[in-house]
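Written out below as structure tokens is the structure these notes cover.
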There are 2 protein chains.
Amino acid sequence: MPLDRSIIAHLALFHGLEPQALDIILKDARSVLFAKESIVFEQEADARSFYVLLSGHIRVVRTTPDGRQIIARYISEGEIFGVAAALGRLTYPATAVAAVDCVVLVWPSSVWPDLSSRFPALSAGTFKTVGNRLQETQARVLELATEQVEQRVASAILRLINQTGRKTEAGIEIDFPISRQDIAEMTGTTLHTVSRLLSAWEEKGIIVSGRQRVTVADPHRLVLLAEHRGDR
Amino acid sequence: MPLDRSIIAHLALFHGLEPQALDIILKDARSVLFAKESIVFEQEADARSFYVLLSGHIRVVRTTPDGRQIIARYISEGEIFGVAAALGRLTYPATAVAAVDCVVLVWPSSVWPDLSSRFPALSAGTFKTVGNRLQETQARVLELATEQVEQRVASAILRLINQTGRKTEAGIEIDFPISRQDIAEMTGTTLHTVSRLLSAWEEKGIIVSGRQRVTVADPHRLVLLAEHRGDR
DNA sequence: GTCCTTCTTTGCGCAATCGCAAAGATTGCT
DNA sequence: AGCAATCTTTGCGATTGCGCAAAGAAGGAC
């Protein structure tokens, strides 16, 4: 069954493309459901496909040879990901895992040269995404190199609620299950330190949190924590 | 005076382009000399141009609002840089400074859409470079998040000698002046810690170093240091 | 409802690395 | 050659955040 263009027409990535272009693009795609915690693609595997996330949240993880890992980023609805092949890479540089049940569109990488040359808007949109990601990754290097753990954890949580926040009575909640360990792997620290920080913040009324759940009650004070360095 | 295509024909970036394509591309370029420590473009400035480095070394620096900074990367001969506009950004995300006297080709960003659509090989080469840089930056995040200072400094120096190493009687030398402070800003530590590490390595005969100069005498042992974590 | 697994909290000691300070070396300038 | 500026070395105390351990929740499965 062919996919209907309405499922992607509203996404920023496909902005500026004609309806019939969307139909052509969709001819090569198929829709796949990934259950929570299942693997979409694995680090070092051949970059055979690229993807657009229709619903859910995807965790992108990089692992070192000796088994330590970090979370490179979370993919939100509407984003393209797994574009390694379009950037001239043969393998994926990271593993993508469904953080919740996800619906994903999948294209074979082999169709990229054709699609990107036929639809420059698609190509431009993709490279804008890549540019944003490079920028963001470099900002993270700066943060890791210059900021203390408390600032980094505060920034990471703020980024998550901006990206995927959902309003509740208690405040703005991160929209998918996230453990202390996950937050530690986003910020280059340990789950122990994250736990201590969250406990302290909860005591001060800045956040409310539970098992795999974080709700920010007072974003403004969290912003202060993210900026304000202990001393200088 | 028109630039001769021979100055760029051998660069990987222009691989697969016809001689006449090179001539067309060069019509929009001009060649500029940047004296040591002069600024090529500044962070936050409008991304009006993009560049190819013909000779020399360029230091790319990102600065935080509160004035701390890191070295994002060094650009080597033949590389394209300052491509913010091609990635859909309006301003440069970092400052580029000539580490030594440099010769640079400059294009107005406005010609990019035309050039990239007329010469897909140019576009592909650029995006491959960007892909490599993204990959490299993410590797750096992983390193900052999981490794100790000694490993990070060892890795940074190994990367520099691979990228720009020059053989001398004493070993392989980094081909441009680099201070302890610079190395600290590449690895997220302080010049004091870098100085201590280099002193210790020099004592062990792994490196020879002087003012703004580092020569690796025993690359193999440095690799061990970069991999081997103190305990586990 | 009960058990089991996974996640979270918290205490405590220690190691890594920073911050500050001051002295020593090197280079370039005049 | 002499001076000034910059870069480098090194000591020492102060902290941050880690590592380890063990107990306490919170869900999920049957």
Side-chain angles (χ1 to χ4, degrees), chain A residues 35-37 59 66-68 70 99-101 143-154 156-157 174 176-204 207-215 225 228-232, chain B residues 35-37 59 66-68 70 99-101 143-154 156-157 174 176-204 207-215 225 228-232:
Chain A
K36 183 174 173 176
E37 297 303 318
R59 189 169 66 234
D66 60 315
R68 274 174 307 218
I70 61 155
V100 295
D101 289 350
E143 197 176 283
L144 278 165
T146 64
E147 253 137 72
Q148 320 241 136
V149 170
E150 182 165 31
Q151 279 80 54
R152 303 207 303 265
V153 174
I157 290 177
I174 297 173
F176 50 84
I178 185 167
S179 69
R180 306 293 184 262
Q181 175 72 41
D182 291 333
I183 297 173
E185 288 178 7
M186 297 183 69
T187 52
T189 181
T190 61
L191 83 161
H192 308 277
T193 299
V194 172
S195 179
R196 279 180 248 271
L197 286 170
L198 295 195
S199 296
W201 294 344
E202 187 142 20
E203 193 127 344
K204 292 186 193 160
I207 65 164
V208 185
S209 77
R211 187 190 175 91
Q212 309 218 79
R213 196 174 51 73
V214 178
T215 307
L225 281 175
H228 198 300
R229 198 174 155 93
D231 39 306
R232 55 177 55 176
Chain B
K36 182 174 172 176
E37 296 303 317
R59 188 168 68 233
D66 60 315
R68 276 173 306 217
I70 61 155
V100 296
D101 289 349
E143 196 176 284
L144 278 165
T146 64
E147 251 138 72
Q148 320 235 156
V149 170
E150 182 164 33
Q151 278 80 54
R152 302 205 304 263
V153 174
I157 290 176
I174 297 173
F176 51 84
I178 186 167
S179 69
R180 308 290 185 265
Q181 175 73 42
D182 291 333
I183 297 173
E185 289 178 7
M186 296 183 69
T187 51
T189 180
T190 62
L191 81 162
H192 308 277
T193 299
V194 172
S195 179
R196 279 180 248 271
L197 286 171
L198 295 195
S199 297
W201 294 345
E202 185 140 21
E203 193 126 345
K204 292 185 194 160
I207 65 165
V208 185
S209 78
R211 186 191 176 89
Q212 310 219 80
R213 196 176 50 72
V214 179
T215 306
L225 281 175
H228 198 297
R229 197 174 158 91
D231 39 306
R232 58 177 56 178

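Scope of the values below: all heavy atoms of this structure, side chains included, with no hydrogens, waters or symmetry mates. Below, chains carry the letters A, B, ... as their sequence lines are ordered, and counting in each starts from 1. This one's a predicted model, so the numbers in the text were calculated from it and none came from an experiment.
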Residue list, side-chain hydrogen bond (donor to acceptor under 3.5 Å, both in side chains) with B/Thr189, at least two apart or on another chain:
none
How long is the line joining CH2 of B/Trp201 and P of D/dT9, in whole Å?
13 Å
Just call it for B/Ser199: base, sugar-phosphate, or nothing, with non-hydrogen atoms closer than 4.0 Å on any strand.
sugar-phosphate
Between atom CD in B/Gln181 and atom P in D/dT9, what is the gap in whole Å?
13 Å
Whole angstrom is fine here: how far is it from CZ in A/Arg180 over to P in D/dC18?
16 Å
Contact summary for B/Ala184 and B/Leu191, nearest pair of heavy atoms
CB-N, 3.5 Å
Expected string for nucleotides 21-28 of chain D under the B/S/- scheme (protein heavy atoms, under 4.0 Å, primed atoms plus P, OP1, OP2 as sugar-phosphate) is B---BB--
Interatomic distance where CD belongs to B/Gln212 and P belongs to D/dA5 [whole Å]:
17 Å
Strictly under 3.5 Å: I want the nitrogen or oxygen pairs between protein and nucleotides 14-17 of chain D, one per line.
unit_1 : atom_1 : unit_2   : atom_2 : d
D/dG17 : OP1    : A/Val149 : N      : 2.9

Counting only N and O atoms by type, is there a donor-acceptor contact under 3.5 Å from the side chain of A/Asp101 to the main-chain atoms of A/Lys36?
yes
When you match B/Glu202 and A/Arg196 each to their closest nucleotide on DNA chain D, which lands nearer the 5' end?
B/Glu202
Taking every heavy atom of A/Gln212 against every heavy atom of A/Ser179, the minimum-distance pair comes out as OE1-CB, 3.8 Å
Determine the minimum heavy-atom distance between A/Glu37 and A/Ala99, stating which atoms define it.
OE2-O, 4.1 Å
Spacing between B/Glu203 atom CD and D/dT9 atom P, to the nearest angstrom:
12 Å
D/dC18 C1' sits how many Å from A/Leu197 CG, rounded?
13 Å
Taking the side chain from B/Arg152 and the backbone from B/Glu143, do they hold a donor-acceptor pair closer than 3.5 Å?
no
Verdict with reasoning, A/Glu150 to A/Arg196, per salt bridge (charged side-chain N to carboxylate O under 4.0 Å, His left out):
CA-CA 10 Å; A/Glu150 182 165 31; A/Arg196 279 180 248 271; over 6 Å; no
For A/Lys36 and C/dT6, give me the distance from atom NZ to atom P, rounded to whole Å.
13 Å
Please report the shortest heavy-atom distance between B/Ile70 and A/Thr146, naming the atom on each side.
CG2-CG2, 4.1 Å
Taking all atoms of both residues into account, what is the closest heavy-atom pair of A/Leu144 and A/Thr187, and its distance?
CD2-O, 3.6 Å
Quickly work out the A/Ile178 CD1 to C/dT6 C1' distance and round it to whole Å.
16 Å
